[in-house]
Amino acid sequence: QVQLVEFGGGWVQAGDSLRLSCAANTFSNDARGWFRQAPGKERELVAIVDWSGDYTYYADSVKGRFTISRDNAKNTVYLQMNSLKPEDTAVYYCAVRASGRYGNSPADFGSWGQGTQVTVSS
């Protein structure tokens, strides 16, 4: 099973940028996703990238501000977050879509990192 570790979370002010990284212990040609979960809320999709990096999908709430990318040579996926807002505050998780699954819900993803906290103050 793929093991994932996220890096790059922190505390920033509104309008600032952060770059999250998610390193895997092995290559996977499955889609990779970033999700987030705020206190008292369900885990929600942020962005997805396919194995080649050519196809990406974003939640409406982050479209135009966040960019997902991957470097397969490094088994790493990135999430560049610009123009951060207080409502982006959450624990951010990266995940690998389970083989044979094609949906974008958390249930379609089989391997998860431990999460990294992102806090945006106003």
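Since this is a predicted model, take the numbers as computed values, not measurements.
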Looking only at non-hydrogen atoms, find the nearest pair between [X] and [Y] and report the distance.
{"X": "Ser122", "Y": "Ala14", "value": "CA-CB, 4.3 Å"}
{"X": "Val62", "Y": "Val46", "value": "CG2-O, 3.6 Å"}
{"X": "Thr67", "Y": "Tyr58", "value": "CA-OH, 3.3 Å"}
{"X": "Leu45", "Y": "Tyr57", "value": "CD2-CE2, 3.4 Å"}
{"X": "Gly110", "Y": "Gln1", "value": "O-NE2, 3.4 Å"}
{"X": "Gly115", "Y": "Val91", "value": "CA-CG1, 3.8 Å"}

Quick check for you: to the nearest 0.5 Å, what is the distance between [X] atom [atom1] and [Y] atom [atom2]?
{"X": "Cys22", "Y": "Leu4", "atom1": "SG", "atom2": "CG", "result": "4.5 Å"}
{"X": "Trp34", "Y": "Met81", "atom1": "CH2", "atom2": "CE", "result": "8.0 Å"}
{"X": "Gln117", "Y": "Arg36", "atom1": "CD", "atom2": "CZ", "result": "12.0 Å"}
{"X": "Leu79", "Y": "Phe35", "atom1": "CG", "atom2": "CZ", "result": "12.0 Å"}

Please confirm whether [X] makes a cation-pi placement over [Y], using NZ or CZ under 6.0 Å from the six-membered ring centre and within 45° of the ring normal.
{"X": "Arg43", "Y": "Trp112", "answer": "yes"}
{"X": "Arg19", "Y": "Tyr78", "answer": "yes"}
{"X": "Arg101", "Y": "Phe109", "answer": "no"}

Treating Ile, Leu, Val, Met, Phe, Trp and Tyr as nodes and any side-chain heavy-atom pair under 4.5 angstrom as an edge, say whether Ile68 and Phe66 lie in one connected cluster.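 Yes, same cluster.
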Taking [X] for its side chain and [Y] for its backbone only, find out whether a donor-acceptor pair lies under 3.5 Å.
{"X": "Glu6", "Y": "Leu20", "result": "no"}
{"X": "Thr89", "Y": "Glu87", "result": "no"}
{"X": "Arg97", "Y": "Gly103", "result": "yes"}

Side chain to side chain contact (heavy atoms under 4.5 Å, CB included) between Gln114 and Val5, worked out: CA-CA 7 Å; Gln114 82 289 349; Val5 179; 4.1 Å; yes
Measuring only between side-chain heavy atoms, which start at C-beta, is Val12 closer than 4.5 Å to Thr119?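 Of all side-chain heavy-atom pairs linking Thr119 with Val12, none is under 4.5 Å.
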Note, Ser99 side chain near Asp30 side chain (heavy atom, < 4.5 Å):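 Ser99 reaches Asp30 side chain to side chain.
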Let me see the working for Val77 and Cys94 under side chain to side chain contact (heavy atoms under 4.5 Å, CB included), right down to the final yes or no. CA-CA 8 Å; Val77 174; Cys94 68; 5.9 Å; no
Stepwise, does the side chain to side chain contact (heavy atoms under 4.5 Å, CB included) test hold for Phe7 with Thr116? CA-CA 7 Å; Phe7 302 93; Thr116 185; over 6 Å; no
Any carboxylate oxygen within less than 4.0 angstrom of a Lys/Arg side-chain nitrogen, looking at Arg32 and Asp50?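 Looking at Asp50 together with Arg32, the answer is no, because their closest N to O distance does not fall below 4.0 Å.
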Salt bridge check: are Asp88 and Lys85 linked by an N-O gap of less than 4.0 Å?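 Here Asp88 does not pair with Lys85 in a salt bridge, since their nearest N and O are not under 4.0 Å apart.
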Decide whether Ser17 and Asn82 meet the rule of one side-chain donor and one side-chain acceptor closer than 3.5 Å.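 Per modelled atom types, Ser17 and Asn82 side chains form a pair under 3.5 Å.
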With a 3.5 Å cut-off and no angle check, do the side chains of Arg70 and Asn75 form a donor-acceptor pair?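 Distance-only check fails for Arg70 and Asn75.
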Go through Val120 and Asp16 one step at a time and tell me if the side chain to side chain contact (heavy atoms under 4.5 Å, CB included) criterion holds. CA-CA 8 Å; Val120 185; Asp16 286 349; over 6 Å; no
